[in-house]
Amino acid sequence: MRRYETVFIIRPNAGEEEINRVINYVSEIITADGGTIIETNRWGLKKLAYLIKKESMGYYVLCDFASVPASVAEIERRYRIDDAVIKFMTLKIADDINAEGALQAVDAVNDRVTSEEAARQEAEDDDDDDDDVDDDDVDDDDDDDESKEKNNR
Amino acid sequence: MAPRPQKKLFSRRKSCRFCSDSDLVINYKEVKTLRNFVSERGKIIPRRIVGTCATHQRQLCEAIKQARHIALLPYSGNPQG
């Protein structure tokens, strides 16, 4: 089994159902051939660097998986037929990965995600604690300035 | 060979940025890192100006081309910039 990474862009006006539909058939093709999905990451709406099919924004999805090469051909065939997917790219990350390695990768991803969430939560808690705003007494000496200006004239 | 008249002396770094700092990863997803090696118009900056080593320059080029394919970086910038 090889480890692949596929990024695909879905039209921005496609709803949640469309996005889920695409992700579902991708996962079905992978698992049908006995592969493992390591990560499905939705990057969300992003501005495209150039117009693709006259769209300036797109919904990005990243899928990291391990499977046989035949499934990649099948997924790409489905992408080409689908109107919602405007751009896709599949890269090979690793040549040989067995089932255990794939499961380890899944665990590594889960650990990373939970640690990132924990770090974000801590950062939020820290922000709540730092609410010491000191309101200094500001002396408004505007009257003095006005008098000086009048003298200069 | 006649000496090449270099009007501008580009600040050439003595060490490759990726060799010295192992935290930097060359990946098509890291758009912020890749933008440092791309000109305003979107062209890849040559290695003699940036100071990367050959291996990392090749990896960079590949990553930039992949990012362009997936519209994270432009192929060519607008003539405004």
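All chains are named by letter (A, B, ...) in the order of the sequence lines, taking the proteins before the strands, and each is independently numbered beginning at 1.
Placement of Val26(A) and Val72(A) within a single hydrophobic cluster is found when ILVMFWY residues are connected by side-chain heavy-atom separations under 4.5 Å, directly or transitively. Ile10(A) is connected to Leu45(A) through a chain of hydrophobic side-chain contacts under 4.5 Å among Ile, Leu, Val, Met, Phe, Trp and Tyr, so both are in one cluster. Hydrophobic clustering (side-chain heavy atoms under 4.5 Å, transitive across Ile, Leu, Val, Met, Phe, Trp, Tyr) groups Tyr25(A) together with Ile30(A). Linking ILVMFWY side-chain heavy atoms closer than 4.5 Å, directly or via other members, places Met89(A) and Ile29(A) in two distinct hydrophobic clusters. Residues Leu91(A) and Leu72(B) share a hydrophobic cluster, clusters being chains of Ile/Leu/Val/Met/Phe/Trp/Tyr side chains in contact below 4.5 Å.
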With 3.5 angstrom as the limit, list the donor-acceptor pairs from chain A to chain B, or say none if there aren't any.
unit_1	atom_1	unit_2	atom_2	d
Glu5(A)	OE1	Tyr28(B)	OH	2.7
Glu5(A)	OE1	Lys29(B)	NZ	3.2
Glu5(A)	OE2	Lys29(B)	NZ	2.9
Ala49(A)	N	Ala71(B)	O	3.1
Tyr50(A)	OH	Arg68(B)	O	2.6
Tyr50(A)	OH	His69(B)	O	3.1
Tyr60(A)	OH	Ile70(B)	O	2.9
Tyr60(A)	OH	Ala71(B)	O	3.3

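Of the two parts of Leu48(A), the backbone and the side chain both hold a non-hydrogen atom closer than 4.5 Å to a non-hydrogen atom of chain B. Both the backbone and the side chain of Ile70(B) come within contact range of chain A, judged by heavy atoms closer than 4.5 Å.
Taking each heavy atom of Ala49(A) and Leu73(B) in turn, the nearest pair found is CB-C, 3.3 Å.
Heavy atoms of other residues, nucleotides or ligands lying less than 6.0 angstrom from CD of Glu17(A) number 12 at most.
Asn13(A) pairs by the side-chain hydrogen bond (donor to acceptor under 3.5 Å, both in side chains) definition with nothing, not counting sequence neighbours.
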